[in-house]
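Structure, as structure tokens:
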Amino acid sequence: MSEEKSLNFIEEIISQDLAAGKYASILTRFPPEPNGYLHIGHAKSICLNFGLAKRFGGATNLRFDDTNPTKEETEYVDSIKADVKWLGFDWIKECYASDYFDQLYAFALQLIEKGLAYVDDSSAEEIALQKGTPTVPGTGNAFRNRSIEENKALFEAMKAGAFEDGDKVLRAKIDLASPNMHMRDPLLYRIKKAHHHRTGDAWCIYPMYDFAHGQSDSIEHITHSVCTLEFIPHRALYDWCIEQLGIFPSHQYEFARLNMTYTIMSKRKLLQLVQEEHVQSWDDPRMPTISGMRRRGYTPESIRDFCERIGIAKRENIIDFSLLEFCVREHLNKIAQRRMVVTNPVKLVITNYDKVEEILHSENNPEDPEGGVRDVPFSNELWIERADFMEEPTKKYFRLGPDLMVRLKSAYIIKCDSFEKDAAGNVQTIHASYFPESKSGSDTSGIHVKGTLHWVSAKHAVPVVLNEYDRLFNVEDVAGAEGDFKDYINPNSLTTTNAWAEPALVNDSLDARFQFIRKGYFYQDTTSTKDKLVFNRTVTLKDAWAKEQKK
RNA sequence: UGCCUGAUGGUGUAACGGUAGCACAACUGUUUUUGGUGCAGUUUGUCUAGGUUCGAAUCCUGGUCAGGCAACCA
């Protein structure tokens, strides 16, 4: 822990609490509802909650906020656990709000007995109407004055299944004129005759968020309950419940959720993308989900680094996607194995190469002195990138063209002597001669060239499929843009191409990170097999030449 | 018309009454067998009007702007 780094406002609070002796140690929690897959916004919360505990010597619970059976599934529980683990965090306890249903029910009874809760027979519409508006106080109804005995009997009957969905609700009796809408007799329990993924059909009444979350925190003795800004108005109710029940005083603190350019962070909208098949699945590499990012090739380290860099504050924010890309490039640059892959090939024939073939050696990672080298076969017929040849080169073009010289990476310097075109006028074959004394590592040619090209020996090349991704949306602020967010979907977010790769890739591990030289960072897709290698582009390399060309 | 948050370069985030710093982005230059990486550097900022103070991004008052608050969702 560096003393240089300043504390964010939550760390500030915790260190003060600890210094004041308010707690012996801290306990945080990460409380997802298992109704979808985790996304990068959750990663921010995960890194915060687990990071806080780690930093201050505490622990973190993983708690599933499963109080709405109609939206939640075990599939989501499993994916959430896998994602948190993959990110590199361990919870001390795995908890479920549904484990507290008995206790929560008892709490509700306590409130009824204190005259602080009542059963209301009104419809949802009537209740909404009676709540008034932010500027007009709400009005009560006759149900508000039911006796404690009647409320108790009615609530017990609710639990016993005597009523149907929507017939009755349990509400707290607080203040119908409160300037805080959430204090205007909020709903505590509703009837839902639905199957719960964990409690099955044991219950037909389920607590609302406001009656489950704070109490769950309290039951677990969470010291610092950290959530996002939209829960600020709920805090008064959170505190009210804890106070009236006289239970462990957990405290809620709020920070601004993550927003990022060119993507969305709403579970509802992400679900829509999946259901309407704008993407293939929750773990589609274009999705901002943890599982999508994992499949795309992001490393947990880079995501943690990103979450560290964006900081924690209370103001709304929208983070440049390029910061995430910076983080993943920085990590991958250090660990990725370099390989050569040609995507849009054109044939290069070395006319004066009189050997059949030879094995050259190329470093696996110039950033890693221990990284070693690999064998790369070389022969007189190679594939190079079509974009690396220009019939009439411009001034700053450092690649191949008539009479121009370049180095073939880890091989020889060559000079273009001639080229052939097909009937359509496309360059088909390039003829070049090589300088035997310019061999990499033992170059005595004295020739200096500006450009170095990647290449693949044609007869040794193996076919691979590349999935190259672009941003999912074509506006920066998708959530803030007018109209339907789906109008801004980038129709070209996925490009799949066939390419030629050097043979080493066939024997590489499925989990290895690659940099295809001059192309970008790639990671094998979950569908990849030895017979059909499929790679996903995690992120491109920075491309100064592309920028230059745009000018 | 109410209540609650917040406002520092293009984007984030620090500075806790005492030199507005850091990162990303952008732009130079340099190194380089990846137009990658590395290295050096440049540009750009305290919402506004008053007040307190020797001194204000920071404290006070008014204003402006942005976001949130009424779901039998979390």
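Sequence lines set the chain letters: A, B, ... in the order given, protein chains first and strands last, and positions in each chain run from 1.
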Checking base pairs now: Watson-Crick or wobble, both atom distances under 3.5 Å. What partners [N]?
N	value
B:C47	B:G63
B:U8	none
B:U52	none
B:C3	B:G68
B:U37	none
B:U42	B:A26
B:U19	none

Measuring from atom [atom1] of [X] to atom [atom2] of [Y], what distance do you get when rounded to the nearest 0.5 angstrom?
X	Y	atom1	atom2	answer
A:Asn333	A:Asn365	CG	CG	7.0 Å
A:Leu237	A:His213	CG	NE2	12.5 Å
A:Tyr434	A:Ser445	OH	OG	12.5 Å
A:Leu348	A:Trp383	CG	CH2	10.5 Å
A:Leu111	A:Tyr189	CG	OH	10.5 Å

Contact summary for [X] and [Y], nearest pair of heavy atoms:
X	Y	answer
A:Tyr238	A:Ser225	OH-CB, 3.4 Å
A:Tyr118	A:Asp185	OH-OD2, 2.7 Å
A:Ala97	A:Thr67	CB-CG2, 3.9 Å
A:Pro288	A:Thr263	CG-OG1, 3.4 Å

**CZ (A:Arg257) with more than 12 external heavy atoms under 6.0 Å** = no
**Message:** Is it the case that B:G6 (base atoms only) and A:Glu254 (side chain only) share a donor and an acceptor within less than 3.5 Å, ignoring hydrogens and angles?
**Reply:** no
Taking the side chain of [X] as its heavy atoms from C-beta onward, which of [options] lies nearest to it?
X	options	result
A:Ile232	B:C69, B:C4, B:C72	B:C4
A:Lys547	B:G36, B:C27, B:A25	B:C27
A:Pro179	B:C72, B:A70, B:C3	B:C3
A:Phe326	B:A25, B:U1, B:G35	B:A25

Considering only the [atom1] atoms, how many Å lie between [N] and [M], rounded to the nearest integer?
N	M	atom1	answer
B:C47	B:U58	P	8 Å
B:A49	B:C65	C1'	15 Å
B:U37	B:U43	C1'	24 Å
B:C4	B:G62	P	13 Å
B:G29	B:G35	C1'	15 Å
B:A57	B:U19	C1'	14 Å
B:U53	B:G68	P	41 Å
B:U44	B:C22	P	14 Å

Hey, can you pull the residues of [range] with a non-hydrogen atom under 4.0 angstrom from RNA chain B?
range	result
residues 66-75 of chain A	A:Thr67, A:Asn68, A:Lys71
residues 444-453 of chain A	A:Thr452
residues 158-175 of chain A	A:Gly166, A:Val169

**Complete:** Partner of A:Asp508 under side chain to side chain donor-acceptor pair (under 3.5 Å), picked from A:Arg374, A:Arg339, A:Gln337, is A:Arg339
Review item, side-chain donor-acceptor pairs of residues 318-328 of chain A, under 3.5 Å, at least two apart:
none

d([atom1], [X]; [atom2], [N]) in whole Å:
X	N	atom1	atom2	answer
A:Leu237	B:A70	CG	P	13 Å
A:Phe398	B:U32	CZ	P	14 Å
A:Phe378	B:U33	CZ	C1'	14 Å
A:His454	B:G35	NE2	C1'	13 Å
A:Phe231	B:C4	CZ	C1'	15 Å
A:Arg257	B:G67	CZ	P	16 Å
A:Tyr189	B:C73	OH	C1'	16 Å
A:Tyr37	B:A74	OH	P	21 Å

May I ask you to verify if any side-chain N or O of [X] is less than 4.0 angstrom from the OP1 or OP2 atom of [N]?
X	N	value
A:Arg190	B:C73	yes
A:Arg518	B:U37	no
A:Lys542	B:U34	no

**Asked** Within the stacking criterion (centroid distance below 5.5 Å, interplanar angle below 30°), does A:Tyr209 stack on B:A74?
**Response** no
**Request:** For A:Asp66 and A:Ser98, test the side chains for any donor-to-acceptor distance below 3.5 angstrom and give the result as yes or no.
**Result:** yes
**Item:** Donor-acceptor pair between A:Asp477 and A:Thr261 side chains, under 3.5 angstrom
**Value:** no
**Asked** Which letters describe nucleotides 10-17 of chain B, given B = protein heavy atom under 4.0 Å from base, S = only from sugar-phosphate, - = neither?
**Response** BSSBS-B-
[X] charged N/C atom sitting above [Y] aromatic ring, 6.0 Å / 45°:
X	Y	answer
A:Arg329	A:Tyr521	no
A:Lys159	A:Tyr105	yes
A:Lys192	A:Tyr206	no
A:Lys439	A:Tyr412	no

**Request:** Hey, which sits more toward the 5' end of RNA chain B by its nearest nucleotide, A:Thr133 or A:Ser440?
**Result:** A:Ser440
**Request:** Taking the side chain as every heavy atom from C-beta outward, state whether A:Leu176 and A:Arg144 have any atom pair closer than 4.5 Å.
**Result:** yes
**Asked** What does A:Ser322 touch in the nucleic acid at a heavy-atom separation under 4.0 angstrom: a base, only the sugar-phosphate, or nothing?
**Response** sugar-phosphate
**Request:** Return the orientation label for the A:Phe378 and A:Trp455 ring planes: parallel under 30°, perpendicular over 60°, tilted otherwise.
**Result:** perpendicular
Write out a two-atom table: protein N or O, nucleotide N or O from nucleotides 40-45 of chain B, distance below 3.5 Å.
none

